[in-house]
Amino acid sequence: MSWSAEVERWLGPVLPGPVERLAVRPGEVTARVGGFEVSLIRSVPDDALWDRVCAALASQEVFRARVLAGELPVPVERVCAMFGVDLVPRGWEALVATCSCDRWDGVCAHLRTAAAALGAQADRDPFSLTRWAGPDKAELRTRVMAAGGIKGPSAAHETPRDNASEAIIGDPGLPTGHSPDSAAAFWSAPSPPPPVDIPSGAGDRVRAAAPGALADELPPFPRPGT
């Protein structure tokens, strides 16, 4: 699945063709197609919704690593949709689409060509879609880092996995004991530390005091008065 396929899924059938100019900014895509000016206007989700999206992305290791690596896999669309943020608007009725041509009875060929160009642009730079919906690449990355409590230099150690399309997305409505808007609500408990490696030849009392020692291996201790 590609981002252009997602655009065609919701705005298709699109019409690939020459586009003289395409520009994306929050809330609007503008283009010049066949000498006509085209505009695709959408609503921009507020910061509270984007905070929840970024917290969810930060909580999933696969998505967090991909975003911090400057990537935006198509399954991120599912995460966004869970919070009511559609990176690709669900149909032309979700847009205010205008064209300077004289066809007013529906979605003209110029609009569909602009949609196809937007899909192709999203394949090259998926963050074009986040910019259309609000944050650009740098802002989204910064917000995901903040939501995950990640400092700048440590982001370089984030390594994306190959199974991003198979990531399991939890239900954000489940009780977690944390604020539903916080990244902590999505984290599982950390793994316990491994047992201490006790040097050979250590005394019985040292072994007894070492973390992780088995109770049935504890040596007997002398009782008072014996």
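Computed over heavy atoms, backbone and side chain alike; hydrogens, waters and symmetry mates excluded.
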### Task
Could you check if a side-chain atom of Lys137 sits within less than 4.5 angstrom of a side-chain atom of Thr130, using non-hydrogen atoms only?
no
### Message
Check for me, please, whether Leu87 and Leu22 land in the same ILVMFWY cluster - side-chain distances under 4.5 Å, paths through other members count.
### Response
yes
#### Entry: Non-hydrogen side-chain atoms of Leu11 and Leu95 separated by less than 4.5 Å
yes
### Query
Where the side chain of Asp86 meets the backbone of Val88, is there a donor-acceptor pair that is under 3.5 Å apart?
no
### Contacts of Ser43 that satisfy side-chain hydrogen bond (donor to acceptor under 3.5 Å, both in side chains) - sequence neighbours left out
none
### Query
Are the side chains of Pro73 and Phe63 in touch, meaning some heavy atoms are under 4.5 Å apart?
yes
Enumerate, atom names and distances included, each donor-acceptor pair closer than 3.5 Å involving a side-chain atom of residues 116-127, sequence neighbours excluded.
{"unit_1": "Gln121", "atom_1": "OE1", "unit_2": "Arg124", "atom_2": "NH2", "d": "2.9"}
{"unit_1": "Gln121", "atom_1": "NE2", "unit_2": "Ser128", "atom_2": "OG", "d": "3.2"}
{"unit_1": "Asp123", "atom_1": "OD1", "unit_2": "Trp3", "atom_2": "N", "d": "3.1"}
{"unit_1": "Asp123", "atom_1": "OD1", "unit_2": "Ser4", "atom_2": "N", "d": "3.0"}
{"unit_1": "Asp123", "atom_1": "OD2", "unit_2": "Ser4", "atom_2": "OG", "d": "2.6"}
{"unit_1": "Asp125", "atom_1": "OD1", "unit_2": "Phe127", "atom_2": "N", "d": "3.2"}

### Check: Thr30 main-chain N/O paired with Ser39 side-chain donor or acceptor under 3.5 Å
no
### Query
Are Leu129 and Met82 linked, directly or through other ILVMFWY residues, by side chains that come within less than 4.5 angstrom of each other?
yes
### Asp47 bridged to Arg143 by N-O distance under 4.0 Å
yes
#### Entry: Donor-acceptor contact below 3.5 Å, side chain Trp50 vs main chain Ala133
yes
### Task
Work out which heavy atom in Leu72 is nearest to a heavy atom in Val76; give both atom names and the distance.
CD1-CG1, 3.9 Å
### Task
Verify side chain to side chain contact (heavy atoms under 4.5 Å, CB included) between Arg21 and Glu37, making sure each step is shown before the conclusion.
CA-CA 9 Å; Arg21 169 179 47 78; Glu37 296 297 327; 2.6 Å; yes
### Query
Do the side chains of Glu6 and Glu77 get nearer than 4.5 Å, heavy atoms only?
yes
### Close side-chain approach of Pro13 and Arg112, heavy atoms under 4.5 Å
yes
### Query
According to a 4.5 Å side-chain heavy-atom criterion applied to Ile, Leu, Val, Met, Phe, Trp and Tyr, with indirect links allowed, do Val29 and Phe36 form part of one hydrophobic cluster?
no
### Message
Side chains of Arg141 and Leu68, heavy atoms from C-beta outward: is any pair under 4.5 Å?
### Response
yes
### Task
Run the numbers on Glu28 and Leu40 for side chain to side chain contact (heavy atoms under 4.5 Å, CB included), then give the verdict.
CA-CA 6 Å; Glu28 185 177 24; Leu40 306 177; over 6 Å; no
### Task
Apply side chain to side chain contact (heavy atoms under 4.5 Å, CB included) to Val144 and Arg64, showing your working.
CA-CA 7 Å; Val144 169; Arg64 183 183 69 250; 4.2 Å; yes
### Query
According to a 4.5 Å side-chain heavy-atom criterion applied to Ile, Leu, Val, Met, Phe, Trp and Tyr, with indirect links allowed, do Val74 and Val79 form part of one hydrophobic cluster?
yes
### Task
For residues Val38 and Thr98, determine if any side-chain heavy atom of one lies less than 4.5 Å from a side-chain heavy atom of the other.
no
### Query
Do we get Arg25 above Trp132's six-membered ring, with its NZ or CZ under 6.0 Å from the centre and within 45° of the axis?
no
### Task
Please indicate whether Asp102 has more than 12 foreign heavy atoms, meaning atoms of other residues, nucleotides or ligands, lying under 6.0 Å from its CG.
no
